[in-house]
Novice: 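Just passing along the structure, written as structure tokens.
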Amino acid sequence: MIKINENFNKLQASYLFSDIAKRVAAHQQAHPEQDVIKLGIGDVTRALPDACIQAFHAAVDELASDGSFRGYGPEQGYDFLREAIAKGDFQSRGCNVEADEVFVSDGAKCDTGNFQEIFSSDITIAIPDPVYPVYVDTNVMAGRTGEAVDGRYSGLVYLEATKENDFIPEIPSEPVDLIYLCFPNNPTGATITKQQLKKWVDFAKETKALILYDAAYEAFVQDENIPRSIYEVEGAREVAVEFRSLSKTAGFTGTRCAYTVVPKECMAYTEAGEAVSVHSLWNRRHTTKFNSVSYPVQRAAEAAYSPEGRAQIQELVSYYLNNAAYIRKHITALGFDCIGGDNSPYIWIDGKMDSWEFFDLLLNKAGVVCTPGAGFGKCGEGYIRISAFNSFENVKEAMDRISNSI
Ligand code: MLT
């Protein structure tokens, strides 16, 4: 008899964004006349930058003749892309990251979800609350938690991010082995200073823990004093893995390209206390389970690092940040407290009511989709998240409709 992985029974019925998509589809079926504006999942709406499109086309043409055709590429990604990333995203900003520490992949969702696989099933995990649900769900699937009681899984250490601590979680008082951090934060849009991040790095060093640092939204950081990478902090190479994505910056949500940096200094330990390189473990896992991203996609991603590509991406980021500023201004004028939206595409709003109720109210009365904060954890209850990823016209229309509905 084929048996299931019982850990799946501990999960919520469906993944947050699938659940929302189902509710929206049902609403659209019931109200076909209403033009729904989606400011829920952070999915970009603007076209790929022209530099990426040109490179994409050229690479497809290369595949059209035997002489320039390419089959399997290196599992970790082509050198041309790994080098462009190491130079463009890190070395140019004074961070020491080498090309062979970059693992190209098809998404930060997959990488943040898969990375836990290389660690023991009995480690203690620290996870912020609220949080991108992938970190929690993948650890539940791996059997690192007990059942969920009142919205929280036993066995996890929750790092609460609330108004009281400016949405920056405190260092836990108990020992933990694996720590998830995300800045600029999804969902709150909060950012962290170098001094605050240094405390986490020092804590990880003292306790031989590892930080999984999700920096998928770093391109939205405008303030020069806010770190874009954890490697801006001294000592981070020994204790931190960083995840990045071209999804929200260069518009690759559908095209798929991301990467993970695993410094060679990062170590994890055997039962006997012997240090093992996390880089070699991840390389082993990656080469076994993944064949990288297609050649044209990697060429398109490489073009994002060209001077033209950079300028076009900056324009996209500014466009979405302009939307974010507009949303924030209007929501504040309606009397709601919110954060985010300045160095982040997300605005985190204290709705002063049950967050699914607020979600239903916006959908039913305004035809606007947001994300209920409770879907990101217990501390998200009472909040909603509005995403700035849409056309300015739609954002403007959505804000008008919300003003008229509340
Ligand atoms: C979000 O809306 O939180 C993200 O778009 C989800 C994702 O990147 O998978």
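Order of appearance sets the numbers: ligands from 1, and atoms from 1 within every ligand.
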Novice: Answer yes or no: does an N/O atom from K248 fall short of 3.5 Å to an N/O atom of ligand 1?
Specialist: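 Yes.
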
Novice: With a heavy-atom distance limit of 4.0 Å, tell me whether F389 approaches ligand 1 through its side chain, its backbone, both, or neither.
Specialist: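 Within the 4.0 Å criterion, F389 makes no contact with ligand 1.
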
Novice: Is atom NZ of K198 surrounded by more than 12 heavy atoms (other residues, nucleotides or ligands) closer than 6.0 Å?
Specialist: yes

Novice: At what distance is the nearest protein heavy atom to atom 7 (C) of ligand 1, and which residue and atom is it?
Specialist: Y132 OH, 3.2 Å

Novice: Go through the steps to decide whether E302 and R299 satisfy the test salt bridge (charged side-chain N to carboxylate O under 4.0 Å, His left out), and finish with yes or no.
Specialist: CA-CA 5 Å; E302 179 196 24; R299 280 293 185 201; 2.8 Å; yes

Novice: Any atoms of ligand 1 less than 4.0 Å from a non-hydrogen atom of Y346? List them with their elements.
Specialist: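 That gives atoms 1 (C), 2 (O), 3 (O), 4 (C), 5 (O) of ligand 1.
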
Novice: I'd like to check which ligand 1 atoms, numbered from 1 as shown, lie under 4.0 Å from a non-hydrogen atom of I41.
Specialist: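 Going through ligand 1 atom by atom, the ones under 4.0 Å from I41 are 2 (O), 5 (O).
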
Novice: Run F358 and F336 through ring pair (Phe, Tyr, Trp, His ring centres under 6.0 Å) and show every step you take.
Specialist: CA-CA 13 Å; F358 203 167; F336 292 100; 5.7 Å; yes

Novice: Only heavy atoms of G42, strictly under 4.0 Å: list the atoms of ligand 1 that pass.
Specialist: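 Numbered from 1, ligand 1 contributes 1 (C), 2 (O), 5 (O).
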
Novice: Would you sort out whether F290 and F103 count as a ring pair (Phe, Tyr, Trp, His ring centres under 6.0 Å), showing the intermediate values?
Specialist: CA-CA 11 Å; F290 193 58; F103 292 82; over 10 Å; no

Novice: Once you round to the nearest 0.5 Å, how far does OH of Y180 lie from CD1 of I127?
Specialist: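 Y180 OH to I127 CD1: 5.5 Å, rounded to 0.5 Å.
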
Novice: Please round to the nearest 0.5 Å and tell me the distance separating atom CE of M353 and atom CG of L361.
Specialist: 5.0 Å

Novice: Are the aromatic ring centres of Y383 and F376 under 6.0 angstrom apart?
Specialist: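 Ring centres of F376 and Y383 not closer than 6.0 Å.
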
Novice: Please state which part of N186 comes within less than 4.0 Å of ligand 1, counting heavy atoms only: side chain, backbone, both or neither.
Specialist: side chain

Novice: Looking only at N/O atoms, are F17 and ligand 1 under 3.5 Å apart anywhere?
Specialist: no

Novice: Would Y15 count as being in polar contact with ligand 1, using the rule that some N or O on each side must be under 3.5 angstrom apart?
Specialist: no

